[in-house]
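As structure tokens, the structure follows; a few thoughts come after it.
Just so you know, these numbers come straight off a predicted model, no measurement behind them.
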Amino acid sequence: MAFQRNHKLNLLRLAVLLIVALAGIKFLLRDSFPLEPPKAAGRDDGFWGQAGDGAGDAEPRSRALQPPAAKATGPRHEPGRPLPEDFGGSQMRLVHLDLKGAAPRVSYLEQLFPLLSQLGANGILVEYEDMFPFEGELETLKSPYAYSEEDVERIQQLAELNRLEVVPLVQTFGHAEFILKHEKYQHLREVERFPNSFNPHAPGTLPLLKSVLAQVMEKHRRSAWIHIGADEVFHLGEGMDSKNWMSRNEGDLGTMYLNHVKEVASFLGARPRRRRALMWDDMLRKIGAGALRESGIAEHVSPVVWFYAPDFDAEQIGQFIAKYAESGFETVWFASAFKGTTGPAQAWTPLSYHLKNHLSWLKVVEAMPRFPSLRLQGIVLTGWQRYDHYSVLCELLPVGIPSLAVCLQTLVNGGFTEATKRKVLDVLGFRSIQLEQSTCEGNGAFPGAEIYRMVEQVNSHLKESVVKVLEEESAVKGWFSPYHRKHRFGNPRNMESFGSRLLKVHEDWESFVHNLRAQLESVYFPDTVEEWLEENVNPYLDPLRDLVRDYRAVIRLNARPKAP
């Protein structure tokens, strides 16, 4: 008996020692994971507070969400180190084609898709907006240059040939300007003055969205996913219908938002060929895990977590991911940016900025085993073409291709290694790449390389050369000032001292722009060509054209007296 008692006592001591040892190991390893679950929140159903208090104004989608300044706890990813679930091989890597501006001709996509596949993409996210060939009652939504039904089918065939999954994107809540700008649909706006967001309570909103989605899905029967947007629903809760609804529901904007998204996603799930819906996650970030779980939204959609800043806080991303895991989501996507997030009128893509964004995402990817219930399904490399439907064009797609190549290969290789750099240079046909200067040396041998080189010339030299003539040439300032031009007089002897230089600069740029226009027209429709030249060339070249016109007119007067 004594032996048995001693034996039990020894076993008990051993068990206690094991518990203490395990606790010590856990304590020592507590900082080894880069992403930590979120701390307990306050009200689980809190969203923005009351409508109109200004707390819900989000940053424009095409700008980086700036997380609070905080130290990222995660270790830096070692270039080339294997990532969880073979992220470089099995996860989806979708390249975003934002067609609400500068939509390429299908003939250009025919050249582009093989390059995307070669660089490591395995899908495209196509945000059609008004480029889709809507029919019947929806035909008013089409741009004059919209793709035809045959074009949409050809795009999918080209994608299949290059092993690219096609995921269409249809905005179903916010960023609906391409629909709500039309007088026919103005009554569906959340706020009458603004075309940004749908009124989720208007009787015509859901029928319209179902018609839009049905037409897009009908022409994308092979697509397994569809993206429903649902981000940045500006002014939600400020319309009278929403205010009335909130007065009956304790002002819960989160529930209002989720109800609409569920209606849209449920429609997709009820179709004969069920599609899995994706949605941008920013509106979900301010809704508590309990409210998300109770809504059942996780059964219908997968959140796409987007951050575009170069060095964002991995720990904050971890808090969102942990909340989504707790809320019942089974899959999650990430979204980075390779262009279109550094300014609404940005013409040249900053390479280092976007590379750093992807290196930050690799740290998040590396930490995903921390959340075993949530599977990372893929990443979207966004390439915004406009900040919204009404803004000017961002960087043209050919200009962003070097950035896209760097970012894609960085994801494939787990870092920007020498192998990554060499592959980018070989595929794009460059001799070298300077990340901090955002320049590439060599002619380039990728679709649109001519446009890339010519836009670089415009970006680097056009303004400088014109300013030199108009503002720094002393002879022009002394003998052909604005006063001379206004009163139409001048001495040909003095004017000819600078005339040849003036005419040469003008002639060279006119010839250059003529060739640039031809290159742009080979890739883009006329509206894009005119807009880009109006925004990026004419503001500098037009003053030079005016000066040359006045020079030629005055010098023909042969030194006549000053006009009154």
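- Within 6.0 Å of OH on Tyr540 lie no more than 12 heavy atoms contributed by other residues, nucleotides or ligands.
- Annotation: the span from Leu435 atom CG to Lys356 atom NZ amounts to 9.5 Å, rounded to 0.5 Å.
- Note on residues 451-475: pairs passing ring pair (Phe, Tyr, Trp, His ring centres under 6.0 Å), not counting sequence neighbours, are Trp348-Tyr452, Phe430-Tyr452, Phe446-Tyr452.
- The shortest non-hydrogen separation linking Leu99 to Pro104 is CD2-CD, 3.8 Å.
- The backbone N or O of Gly340 sits less than 3.5 Å from a side-chain atom of Glu395, completing a donor-acceptor pair.
- Side chains of Trp306 and Thr382: a donor-acceptor N/O pair is absent below 3.5 angstrom, by distance only.
- Just one residue in the list Gln171, His175, Glu129 forms a side chain to side chain donor-acceptor pair (under 3.5 Å) with His389, and that residue is Glu129.
- Under the 3.5 Å distance criterion, the side-chain polar atoms of Glu190 are matched with a main-chain donor or acceptor of Gly239.
- Residue-environment remark: NZ (Lys184) exceeds the threshold of 12 foreign heavy atoms within 6.0 Å.
- Side-chain contact, Tyr257 with Lys286: no donor N or O sits under 3.5 Å from an acceptor N or O.
- Listed for the Asn357 side chain is a donor-acceptor partner under 3.5 Å among the backbone atoms of Ala309.
- Classified by interplanar angle (parallel below 30°, tilted 30° to 60°, perpendicular above 60°), the ring pair Phe512/Trp509 is perpendicular.
- Contact record, Met495 with Trp479: CG-O, 4.3 Å, taken as the closest heavy-atom pair.
- Closest approach of Pro114 to Asn162, counting heavy atoms only: CA-OD1, 3.2 Å.
- Tyr483 pairs in a side-chain contact (heavy atoms from CB on, under 4.5 Å) with only one of the listed residues (Arg485, Lys486, His487), which is His487.
- Ring centroids of Phe338 and His354 are separated by 6.0 Å or more, keeping the two rings apart.
- Minimum heavy-atom separation, Leu109 to Leu158: C-CD1, 4.4 Å.
- To the nearest 0.5 angstrom, Leu411 atom CG is 5.5 Å from Leu362 atom CG.
- Under the 30°/60° scheme for interplanar angles, the aromatic rings of Trp280 and His96 are found to stand perpendicular.
- Here the side chain of Asp281 pairs no donor or acceptor atom with the backbone of Leu284 at under 3.5 angstrom.
- For the atom pair OG of Ser117 and CG of Leu115, the computed distance is 9.5 Å after rounding to the nearest 0.5 Å.
- Remark: the backbone N or O of Arg386 is not paired with any side-chain donor or acceptor of Ser391 at under 3.5 angstrom.
- Not one N or O on the side chain of Tyr145 forms a donor-acceptor pair closer than 3.5 Å with the backbone of Ala103.
- For Phe498 and Tyr551, the ring centers sit closer than 6.0 Å to each other.
- Under 3.5 Å, the side chains of Gln385 and Lys339 contain a donor-acceptor pair of N or O atoms.
- For Ser143 (side chain) and Asp130 (main-chain N/O), no donor-acceptor pair under 3.5 Å exists by modelled atom type.
- At least one donor-acceptor pair closer than 3.5 Å links the side chain of Arg189 to the backbone N or O of Leu180.
- No donor-acceptor contact under 3.5 angstrom links the side chains of Trp532 and Tyr524, judged on distance only.
- Counting only distance, with no hydrogens or angles, the side chain of Arg431 and the backbone of Asn443 share no donor-acceptor pair below 3.5 Å.
- With no hydrogens or angles considered, no side-chain donor-acceptor pair links Thr420 and Gln409 at under 3.5 Å.
- Looking only at atom types and distance, the side chain of Asn538 has a donor-acceptor partner in the side chain of Arg545 under 3.5 Å away.
- When atom types are taken as modelled, the side chain of Ser403 and the backbone of Thr349 share no donor-acceptor pair closer than 3.5 angstrom.
- Remark: the His514 side chain and the Glu510 side chain contain no N/O donor-acceptor pair separated by less than 3.5 Å.
- There is no side-chain donor-acceptor pair under 3.5 Å between Thr439 and Gln434.
- Using a 3.5 Å distance cut-off with no hydrogens or angles, the side chains of Asp151 and Ser148 do pair a donor with an acceptor.
- Checked against the 6.0 Å centroid threshold, Phe173 and Phe198 do not count as a close aromatic pair.
- With rounding to the nearest 0.5 angstrom, the CD atom of Glu496 is 9.0 Å from the CG atom of Asn491.
- Nearest heavy atoms, Ile228 versus Thr172: O-OG1, 2.7 Å.
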